[in-house]
Structures are given as C-alpha cells and as structure tokens.
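Right, one structure below, let's go through it.
Basis for what follows: all heavy atoms, side chains included, without hydrogens, waters or symmetry-related copies. Since this is a predicted model, take the numbers as computed values, not measurements.
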Amino acid sequence: MAAVKSNEDNKSNFRNKTLPTVLFKIARFNPVTDLRMKFIDYKVEYENWSTVLDALLMIKHKIDPSLALRYSCRQASCGSCGMMINGKPRLACFTKINEVKSDVIRIEPMNNFPIIRDLAVDLTKMFRNHKKLKPYIIRSDSEIPDFSTSKEFLQDPDSIEQYIQFANCIKCGLCNSVCPTMATDSSFIGPQALTQAYRYVSDNRDKGKKTRLKIIDDKHGIWRCHFAGSCSKVCPKGVDPAMAIQFLRGYLLGFR
C-alpha cells in the first residue's frame with residue numbers, strides 16, 4: 001500500500017516544481033532623456049493563470065523597479081493597462097500569458113498616443129475629445145429632476161437595448177490605438193468619442209442629439225472615419241465602435 005504524503009511533503013513538491021518561462025522584450029523610452037526607444041529582455045517564470053500584467057509587476061517589483069506602466073483594477077474594468085502585446089492592442093490584466101502562445105512576448109506602448117515613459121501613454125487628448133461630445137444626459141431646465149424627491153426617468157427594456165452595448169466602454173484607448181485614421185490625422189476625434197456620442201444620441205431620455213451631431217459633422221469628425229473596422233476587433237468589452245459610427249452616419253444622412 002502506498003504511503004500517504006504529508007501536507008509538508010505536498011508543500012515541498014509545490015515549491016520545488018519547475019515553472020515554464022517566457023522572455024519579455026519590453027520597450028523602454030523616456031522622452032526627456034532618450035533619443036530612441038530600446039528593448040530590454042526579461043526572462044520570467046509564470047503559472048498557468050498568470051496574466052501579462054502579473055509578469056510585468058513581477059519584473060517591476062523583483063527585477064527592474066524603474067519600469068513604468070499604468071494599471072489599477074486588474075479585472076478589465078478600469079481600462080488602465082492598455083498596451084501593445086505582440087503587436088496587438090490589449091489589456092495586460094485581461095491577457096493570460098498562455099493565450100499569447102509564444103515563448104517571446106514583445107510589449108510596447110499603445111500607438112497614436114504620446115509616450116509618458118516606457119509603457120505609460122498620455123490619454124489627455126482622448127479624454128478631452130470624450131468630454132467634447134458631452135457624455136451625459138442633456139435635458140431642458142424644466143425637465144431636470146428634483147433629486148430630493150428621488151425622481152427618475154424610467155426606461156423600458158427595449159429603449160435600454162438601443163444603447164447598453166455602447167455604454168460598456170471603459171475608455172482604455174485600444175480602439176484609438178489601432179485606428180489607421182488617428183495615425184494620419186492628429187485632429188481626428190477618434191472612435192472612442194464617436195461611440196460615446198452615439199451612446200447618448202440613441203438614449204431616449206436625452207435631448208442633446210442635435211448638439212452632438214453638429215459637433216461630429218466635421219472634416220475631422222465622423223466623415224474622416226474610413227471604416228477600417230479595426231477599432232471593433234480590439235475592443236475588450238465588445239462595444240463595436242465601427243457599428244456605432246455607422247449608426248451615427250445614419251442620423252446625419254436622415255436614415256434614422
């Protein structure tokens with residue numbers, strides 16, 4: 001009869017097991033001191049459940065504390081950890097190392113954004129464009145609810161279905177990063193802002209449709225989109241910016 005292993009034996013075997021390794025090639029760049037970007041190699045062990053963000057934080061905490069990156073929630077809700085992972089914009093916290101299916105993982109900052117340092121990019125312009133589209137319910141003064149009475153503007157399920165998909169945007173910037181128009185036109189408002197314009201235009205509680213359509217009806221607005229569809233392919237929340245942009249065009253052309 002085989003002897004039953006003790007808990008201590010099991011713990012020892014767990015500690016001594018050999019973990020797989022992966023080579024991270026990470027872009028390093030400080031615009032204040034560096035003339036060009038360089039890549040530094042880091043070899044790390046990982047578990048079956050490890051994400052790219054797990055590995056980057058291990059590198060930062062145990063190997064190179066100078067590595068700069070942005071992260072927060074670690075559960076694909078805040079949109080902070082967007083970066084290029086083997087050439088594709090992804091959320092580092094939402095991408096398991098096993099899913100990349102490569103022994104070498106190349107990490108770079110997102111395209112179409114100024115680099116603050118290393119993997120951290122400046123999202124100021126994206127948030128400015130988002131704010132420009134008035135991302136809130138617009139009502140006339142006479143219709144503003146008295147919050148002391150807890151009044152609400154109720155909706156039926158069919159009305160909510162018109163915009164709920166587009167309300168899932170977490171402002172990670174992946175759609176703007178992959179947009180070919182943003183790469184050639186620095187004044188383009190971008191798929192993120194256009195999608196949020198549609199989110200409110202299609203909300204039957206909102207009275208600001210004409211205001212928003214006037215803002216996007218511009219040569220650097222909705223008509224600058226070439227409908228490559230790349231934005232929808234990389235969205236981690238299934239928002240589908242390309243579809244929202246086409247729906248907005250329907251409003252401007254009088255089809256909706």
Sidechain-backbone polar pair: [X] side chain, [Y] backbone, donor-acceptor under 3.5 Å:
{"X": "N176", "Y": "M182", "value": "no"}
{"X": "R212", "Y": "K134", "value": "yes"}
{"X": "N86", "Y": "R106", "value": "yes"}
{"X": "R139", "Y": "R205", "value": "yes"}

Exercise. Is it true that I107 and L174 fall in one hydrophobic cluster, defined by side-chain heavy atoms closer than 4.5 Å?
Worked result: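 Result: no, two separate clusters.
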
Problem set entry | Test of ring centre spacing under 6.0 Å for Y198 and F166 |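 Aromatic pair counts; centres sit under 6.0 Å.
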
Problem set entry | Note, Q162 side chain near D203 side chain (heavy atom, < 4.5 Å) |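 Result no, sub-4.5 Å side-chain heavy-atom pair not found.
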
Would you name the heavy atoms of [X] and [Y] that are closest together and state the gap between them?
{"X": "I245", "Y": "I222", "result": "O-CD1, 3.4 Å"}
{"X": "Y200", "Y": "P135", "result": "OH-O, 3.1 Å"}
{"X": "W49", "Y": "K96", "result": "CA-CE, 4.0 Å"}

Are side-chain N/O atoms of [X] and [Y] paired as donor and acceptor at under 3.5 Å?
{"X": "D64", "Y": "Y42", "answer": "yes"}
{"X": "N30", "Y": "D118", "answer": "no"}
{"X": "Q246", "Y": "R249", "answer": "yes"}

For this session: Check D185, D218, T181 against R224 for a side-chain hydrogen bond (donor to acceptor under 3.5 Å, both in side chains) and give me the one that passes.
Result: D185

Exercise. What is the distance from atom NZ of K214 to atom CG of L252, rounded to the nearest 0.5 Å?
Worked result: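 If we round to the nearest 0.5 Å, K214:NZ and L252:CG are 13.0 Å apart.
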
Exercise. Run the side chain to side chain donor-acceptor pair (under 3.5 Å) check on N204 and S159 step by step: do they pass?
Worked result: CA-CA 7 Å; N204 66 349; S159 297; 3.0 Å; yes

